Number of protein chains: 2
Amino acid sequence: MTAAHGFEQHNHATCIRDGLQVAERICAERGLQLTPVRRRVLEYLLGEHRALGAYEILDRLRGEGLGKQPPVAYRALDFLVSHGFAHRVEKLNAFIACGLPGQRHDPAFLICSSCGTVAEALSNSQSDSLAQAAKASGFAIKRTVIEAEGTCPSCTDAEEAPCD
Amino acid sequence: MTAAHGFEQHNHATCIRDGLQVAERICAERGLQLTPVRRRVLEYLLGEHRALGAYEILDRLRGEGLGKQPPVAYRALDFLVSHGFAHRVEKLNAFIACGLPGQRHDPAFLICSSCGTVAEALSNSQSDSLAQAAKASGFAIKRTVIEAEGTCPSCTDAEEAPCD
DNA sequence: ATACACCTGTTATTGTATAACATCCAGCTT
DNA sequence: AAGCTGGATGTTATACAATAACAGGTGTAT
C-alpha cells in the first residue's frame with residue numbers, strides 16, 4: 001500500500017471490485033457469512049474514499065429495502081470492523097473501508113477537513129511516541145487510534161490557486 | 001511532565017489545587033473569565049484521572065444548581081478545551097483535564113479499558129509515522145488524535161495476581 | 001444613557017449508539 | 001421427522017452526545 005491511498009488519482013472502479021473480491025475470498029476461507037446486507041454496506045464504503053456515518057448507511061439500506069432500523073446498520077458495521085474489512089474513524093464517528101482487508105494492522109487516517117476525503121496510512125505503532133510512552137509507564141496497548149485532521153494535497157492546491 | 005501521568009501513585013489533592021491555580025493564573029494573564037460554572041467543571045475534571053462525559057458533568061452541575069441544560073455543560077467544556085485547560089478524548093466522546101495547561105501541544109492518551117484511567121502523554125507529532133505519511137503525500141496536518149486503548153500497570157498486576 | 005461583548009438560561013431538535021426481546025432459517029442431532 | 005442450536009435479522013424503545021436558535025442579564029467603555 002502507498003503511504004496514504006485515497007488522495008492519488010486512481011481507477012476507482014477497481015477499488016470496489018477488488019475490495020469485494022478480497023472480502024469474499026477471506027469470508028470463504030474463514031467460514032464467515034458475507035450476507036446481502038453486509039456485502040452491500042461494504043460496497044457503500046468501498047465506493048467512497050470518505051467515512052460514512054451509520055445513519056447515512058442506514059438511509060441507503062432503507063432505499064433498497066434491506067433494513068429499516070439502526071441495529072441493522074450497526075450490526076453490519078460491527079461485522080465488517082471486527083473482521084478487518086472496515087475501520088471506525090473515531091474523530092468522525094463514522095466508518096471507512098479498510099485498505100488492507102483481513103490483515104491485522106493498526107490503521108492511521110489522514111482526514112481532509114475541506115473535502116472529507118479520508119486516506120488510510122499504516123502506523124508503525126512500535127516506533128511512535130505513543131508506544132514509547134506506553135513502554136515507559138508499563139501500559140499494554142491493545143488498540144491504537146491514530147488520526148490527523150488537515151488539508152489534503154488537492155485542497156491545498158485549490159486554496160493556493162491564484163485566480164478564484 | 002512524566003511519560004504518562006495518571007498511573008503512578010501521587011498525592012491527588014495537589015492535582016486539583018495546582019491545576020486550578022495554574023488555570024487561574026493563565027486566565028488572569030490572558031483576560032479570560034474563569035466563571036463559577038467553568039471553574040467547577042475544571043474541578044470535576046481535575047478530580048479524576050479518567051474522562052467524564054458531558055452528561056455526567058451536566059448531572060453534577062444540576063446537583064449543585066449550576067445549570068440544567070446540555071448547552072451549559074458544552075459551553076464550559078468548549079471554553080476549557082479551546083483555551084487548553086482540558087482535552088476531548090475522541091475514543092470515549094468524553095473530556096479530561098489537561099496535564100500541560102495553557103501550552104499548545106498535541107496530546108496522546110493511554111486509556112485503560114479495565115479501570116477507565118486515562119493518562120496523558122506527549123506525542124512527538126513530527127517524528128511519528130503519521131507525520132511521515134502526511135509528508136510523503138503532501139497532507140498538511142492541523143490537529144492530531146493519538147489515543148491507545150489497553151491495560152494500565154495496576155490492572156495488569158491485578159490480572160496476573162496468582163490468588164483471586 | 002447606550003452600545004457592545006460576553007456569559008447564562010431555555011426550548012427544541014438532530015445525530016449516534018445500544019439494550020432487549022422476537023423471529024427466522026440452515027444445519028446438525030437424535 | 002422432530003427438535004435443538006447458532007447465527008442472522010426484525011422491531012421497539014431508550015440512552016447518550018451535540019447543537020441551533022433565541023431570550024435575558026451584566027459589566028465596561030464611550
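Chain identifiers are assigned alphabetically (A, B, ...) following the order of the sequence lines, protein sequences preceding nucleic acid strands; residue numbering begins at 1 within each chain. Model, not experiment: these values are computed from the prediction.
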- Message: From CG of A:Leu58 over to P of D:dT11, roughly how many Å is that when rounded to an integer?
- Response: 12 Å

- Message: Using OP1 and OP2 only, check whether a side-chain N or O of A:Tyr74 sits under 4.0 Å from C:dA17.
- Response: yes

- Note on the structure: Regarding the side chain of A:Lys68, the nearest nucleotide among D:dA18, C:dC7, D:dT11 is D:dT11

- Query: Could you state the CD-C1' distance from B:Glu56 to D:dC16, rounded to the nearest angstrom?
  - Reply: 12 Å

- Task: Return the value, rounded to whole Å, for the distance between atom CG of B:Leu32 and atom C1' of C:dC7.
- Result: 13 Å

- Item | For atom CZ of B:Arg38 and atom C1' of C:dC6, their distance in whole Å | 8 Å

- Item | Selected nucleotide, minimal atom distance to A:Ala54 side chain, candidates D:dG10, C:dA17, D:dA8 | C:dA17

- Message: Using whole Å, what does the distance between atom P of nucleotide C:dA20 and atom CD of A:Gln69 come to?
- Response: 18 Å

- How long is the line joining CG of B:Asp78 and P of D:dA20, in whole Å? 10 Å

- Item | Working for salt bridge (Lys or Arg N to Asp or Glu O under 4.0 Å), residues B:Asp59 and B:Arg62 | CA-CA 5 Å; B:Asp59 281 344; B:Arg62 277 195 183 117; 3.5 Å; yes

- Query: How long is the line joining OH of B:Tyr55 and C1' of C:dG15, in whole Å?
  - Reply: 11 Å

- Message: Ignoring hydrogens and geometry beyond distance, is the side chain of A:Arg75 in donor-acceptor contact with the base of D:dG7 at under 3.5 Å?
- Response: no

- Query: Counting only N and O atoms by type, is there a donor-acceptor contact under 3.5 Å from the side chain of B:Thr117 to the main-chain atoms of B:Arg50?
  - Reply: no

- Message: So if I take every side-chain heavy atom of A:Pro70 and compare against C:dT10, C:dT18, C:dT16, which nucleotide ends up nearest?
- Response: C:dT18

- Hey, is the side chain of A:Arg88 poking within less than 4.0 Å of OP1 or OP2 on C:dT16, counting only N and O atoms? no

- Message: Given 3.5 Å as the limit, does a donor-acceptor pair link the side chain of A:Arg38 with the main chain of A:Ala76, or not?
- Response: no

- Task: Decide if atom NZ of A:Lys142 counts as having more than 12 heavy atoms of other residues, nucleotides or ligands within a radius under 6.0 Å.
- Result: yes

- Message: Rounding to an integer number of Å, can you tell me how far B:Leu77 CG sits from C:dT8 C1'?
- Response: 15 Å

- Query: Does B:Glu64 offer a backbone N or O that forms a donor-acceptor pair with the side chain of B:Arg40 under 3.5 Å?
  - Reply: no

- In terms of side-chain heavy atoms of B:Pro71, which of D:dA20, D:dA18, C:dT16 is nearest? D:dA20

